[in-house]
Student: 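Questions regarding the structure given below will be posed in turn.
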Amino acid sequence: MSEITTSTGNEPDAAAPHQRLRLSFDLDVDIAVVGAGLAGLTVAREAARLGASVAVLEGRHVGWNASGHQLGTVMPGYGLPIGELIARIGFEDSRELWALSMEGAEYVRATATEELIPGIALSEGALEVSNVEAGDQLISRLQMLGEDFATEVEGWQVDRVRAELKTDHYFHGVYYPKAFQIDGRKYVHGLAALARRAGARIFEDTPVVSIDPSGIRKRIVTPSARLRASHIVLAGNIHLGAPLRRLSETLLPVWRYAATTAPLGDRLAEAITFQGSVTDSDGIDHFRVVDGDRLMWASPETTWAVNPARFAPAIARRMRTIFPQLGPVEISEVWSGAIGQTVHGMPQIGQLRKGLWVASGFGRHGLNTTAMAGQLIARSILWGDERWRLFSPFELVWAGGATGRVAGYAIGLWGRGSSALAGRFARYRERAQAQERIREARLAEANRQAGTRQPPRRPPPGRPPPRPRPRAPAPAKSGEGEGAS
Ligand SMILES: Cc1cc2nc3c(=O)[nH]c(=O)nc-3n(C[C@H](O)[C@H](O)[C@H](O)COP(=O)(O)OP(=O)(O)OC[C@H]3O[C@@H](n4cnc5c(N)ncnc54)[C@H](O)[C@@H]3O)c2cc1C
């Protein structure tokens with residue numbers, strides 16, 4: 001194998017064409033945003049467009065973590081499968097949340113144009129494939145997505161799937177013609193440029209070390225400056241740390257590893273003709289063809305940071321497990337990013353107390369959901385749009401720490417619903433639970449085949465982390481359901 005480029009997220013992205021500015025003077029603004037990932041940058045851009053003075057404080061640099069290391073697949077939906085969403089909050093609210101997730105995807109589409117972000121390379125269509133023969137489930141899923149959730153979808157029979165992906169690992173598929181993919185790294189830097197253009201100021205190498213959210217004007221301390229703001233938006237994902245440790249501890253950090261091969265020539269076209277993104281229904285593999293004849297693939301996950309270079313062989317093995325006809329594949333780049341998973345599988349979006357907002361926990365479905373969150377929060381602050389309250393049932397889990405309150409909420413809805421609707425929910429839920437058990441077993445098997453082991457456990461708070469073992473990790477329980485990476 002020739003030299004592999006490794007990206008851990010710790011080094012600046014060469015694609016970032018701006019000079020970094022650090023906050024070294026005290027500042028007063030309307031809105032301070034902590035974190036220059038997709039979530040923070042979207043809030044900043046939208047709030048600045050609506051006329052607010054905005055400062056973004058980023059501890060490292062724009063797109064340092066997951067946002068600068070994603071695969072660029074934009075699909076509707078959330079990590080939580082629709083069936084479970086319905087079981088928790090009922091049919092009507094689920095539909096509204098689903099519609100918001102589609103609005104998020106449309107926001108990305110409207111932003112990711114060649115005019116606004118040159119080189120963004122948007123292409124259409126994504127395919128979710130089933131790892132098992134499940135034609136009956138496919139039909140009910142298509143009905144639910146198409147009829148109940150107004151999402152354009154096509155059912156692909158096994159033959160059609162296998163004509164495009166020449167492997168016997170996959171069976172039926174759900175094709176999303178309105179889903180799309182973009183150059184993910186260009187998007188986050190393009191978004192930062194658009195936020196600046198709208199008037200937001202972005203300060204990098206500026207970690208927020210403490211926050212005093214009391215009072216009308218809230219205070220933020222950074223190593224070399226202080227800042228006052230009427231609103232603070234916490235968009236730091238798992239790295240938020242000291243300023244609100246209790247909040248970051250509500251997220252399970254999951255490191256996801258991805259790689260791009262060297263050019264594979266004709267053998268790639270012989271194995272894969274589908275040009276959009278492919279995800280499997282168990283959320284194990286996510287891949288697509290890039291630059292004509294390279295394969296970009298995300299698969300293993302760990303719950304502790306590991307040097308991504310260690311995963312190059314495992315990812316190459318995984319590619320060959322699914323597409324043996326590829327023969328030996330040479331990995332040219334491997335990278336990782338950490339996503340934040342919530343207990344309930346839904347993002348954390350909303351107001352913690354007056355003027356203190358949170359936008360995090362986007363899991364592997366970050367492109368559409370961060371866009372949605374950014375718009376919702378900016379519009380709530382500046383226009384009084386209250387739709388973020390649809391996420392309130394999910395807030396309860398992390399704010400009160402009481403999972404039971406969510407269950408109680410769902411049961412309450414259940415009781416109030418008609419028996420017909422309750423029966424429908426029950427069937428969705430039963431299916432979702434069965435699918436989740438199967439998915440977990442498959443994820444464990446996929447990691448076993450890829451040669452990964454059980455993840456090192458997170459150390460208890462206050463104790464120094466153990467050094468990662470030389471041959472690490474294995475499956476993190478992800479609870480992801482619909483779509484993306
Ligand atoms: C390999 C991989 C592939 C993926 N592929 C896809 C995909 O194809 N489609 C999709 O929809 N999603 C995908 N995702 C998920 C998506 O990348 C994430 O959900 C999304 O980027 C999360 O954005 P964020 O802004 O919440 O967090 P982050 O990207 O983590 O940004 C948070 C920022 O806050 C900063 N910060 C934290 N604390 C502080 C502090 N105290 N002071 C100052 N700054 C702070 C951090 O430095 C960081 O830059 C993928 C993720 C990975 C890892």
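Index from 1, following the sequence. All ligand and atom numbering here is 1-based and tracks the order in the structure.
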Student: Report yes or no: does a heavy atom of M75 sit under 4.0 Å from some atom of ligand 1?
Tutor: no
Student: Can an N or O of V34 be found at a distance shorter than 3.5 Å from an N or O of ligand 1?
Tutor: no
Student: Find all atoms of ligand 1 within a distance of less than 4.0 Å from any non-hydrogen atom belonging to I339, and give their numbers and elements.
Tutor: 15 (C), 51 (C)
Student: Are R109 and E124 ion-paired here, with the side-chain N under 4.0 Å from a carboxylate O?
Tutor: yes
Student: Between ligand 1 and G241, can you find any atom pair, the residue atom being a heavy atom, that is separated by under 4.0 Å?
Tutor: no
Student: Please say whether G63 places an N or O atom under 3.5 Å from an N or O atom belonging to ligand 1.
Tutor: no
Student: What are the two closest heavy atoms between A359 and A39, and how far apart are they?
Tutor: O-CB, 4.0 Å
Student: Using a 4.0 Å heavy-atom threshold (strictly under), name the region of E58 that reaches ligand 1: side chain, backbone, both or neither.
Tutor: both
Student: Side chain, backbone, both or neither: which part of R364 has a heavy atom under 4.0 Å from ligand 1?
Tutor: backbone
Student: Determine the sole option in I322, L127, D285 for which the side chain to side chain contact (heavy atoms under 4.5 Å, CB included) test with D280 is passed.
Tutor: D285
Student: For A39, is at least one N or O under 3.5 Å away from an N or O on ligand 1?
Tutor: yes
Student: Around atom CZ of R217, are there more than 12 heavy atoms of other residues, nucleotides or ligands at under 6.0 Å?
Tutor: yes
Student: What verdict does the side-chain hydrogen bond (donor to acceptor under 3.5 Å, both in side chains) test give for D30 and S53, after you've listed the backbone C-alpha separation in whole Å, the side-chain angles of each residue and the deciding distance to 0.1 Å?
Tutor: CA-CA 5 Å; D30 297 328; S53 62; 3.3 Å; yes
Student: May I ask you to identify, for A298, whether its side chain, its backbone, both or neither come under 4.0 Å of ligand 1 on a heavy-atom basis?
Tutor: neither
Student: If you count the atoms of ligand 1 from 1 in the order shown, which ones are under 4.0 Å from a heavy atom of H69?
Tutor: 1 (C), 2 (C), 3 (C), 52 (C)
Student: Only heavy atoms of G366, strictly under 4.0 Å: list the atoms of ligand 1 that pass.
Tutor: 10 (C), 11 (O), 12 (N), 15 (C), 16 (C), 18 (C), 19 (O)
Student: Of all the heavy atoms in G363, does at least one lie under 4.0 Å from an atom in ligand 1?
Tutor: yes
Student: Of the options V233, L240, V358, which is the one that meets V34 in a side chain to side chain contact (heavy atoms under 4.5 Å, CB included)?
Tutor: L240
Student: More than 12 heavy atoms of other residues, nucleotides or ligands under 6.0 Å from CZ of R196: is that the case?
Tutor: yes
Student: At a 4.0 Å threshold, what atoms of ligand 1 neighbour a non-hydrogen atom of G59?
Tutor: 43 (C), 44 (N), 45 (C)
Student: Closest approach of W335 and R185, non-hydrogen atoms and distance?
Tutor: CD2-NH2, 3.3 Å
Student: Below 4.0 angstrom from a heavy atom of P207, which ligand 1 atoms are there? Numbered from 1 as shown, please.
Tutor: 42 (N), 43 (C)
Student: State the atoms of ligand 1, each with its element, that fall below the 4.0 Å cut-off from a heavy-atom position in L57.
Tutor: 43 (C), 44 (N)
Student: Can you check side-chain hydrogen bond (donor to acceptor under 3.5 Å, both in side chains) on H231 and W357, steps first, answer last?
Tutor: CA-CA 7 Å; H231 295 266; W357 298 81; 3.1 Å; yes
Student: What part of S336, side chain, backbone, both or neither, has a heavy atom within less than 4.0 angstrom of ligand 1?
Tutor: neither
Student: Hey, is ligand 1 close enough to L38 that some N/O pair sits below 3.5 Å?
Tutor: yes
Student: Please could you name the atoms of ligand 1 that T73 approaches to less than 4.0 Å, counting only its heavy atoms?
Tutor: 7 (C), 8 (O), 9 (N), 10 (C), 11 (O)
Student: Give the intermediate values and the outcome of side-chain hydrogen bond (donor to acceptor under 3.5 Å, both in side chains) for residues T279 and E128.
Tutor: CA-CA 5 Å; T279 57; E128 188 187 306; 4.7 Å; no
Student: Could you tell me which atoms of ligand 1, counted from 1 in the order shown, lie closer than 4.0 angstrom to a heavy atom of H239?
Tutor: 37 (C), 38 (N)
Student: Hey, is R20 close enough to D205 for a salt bridge, meaning N to O under 4.0 Å?
Tutor: yes
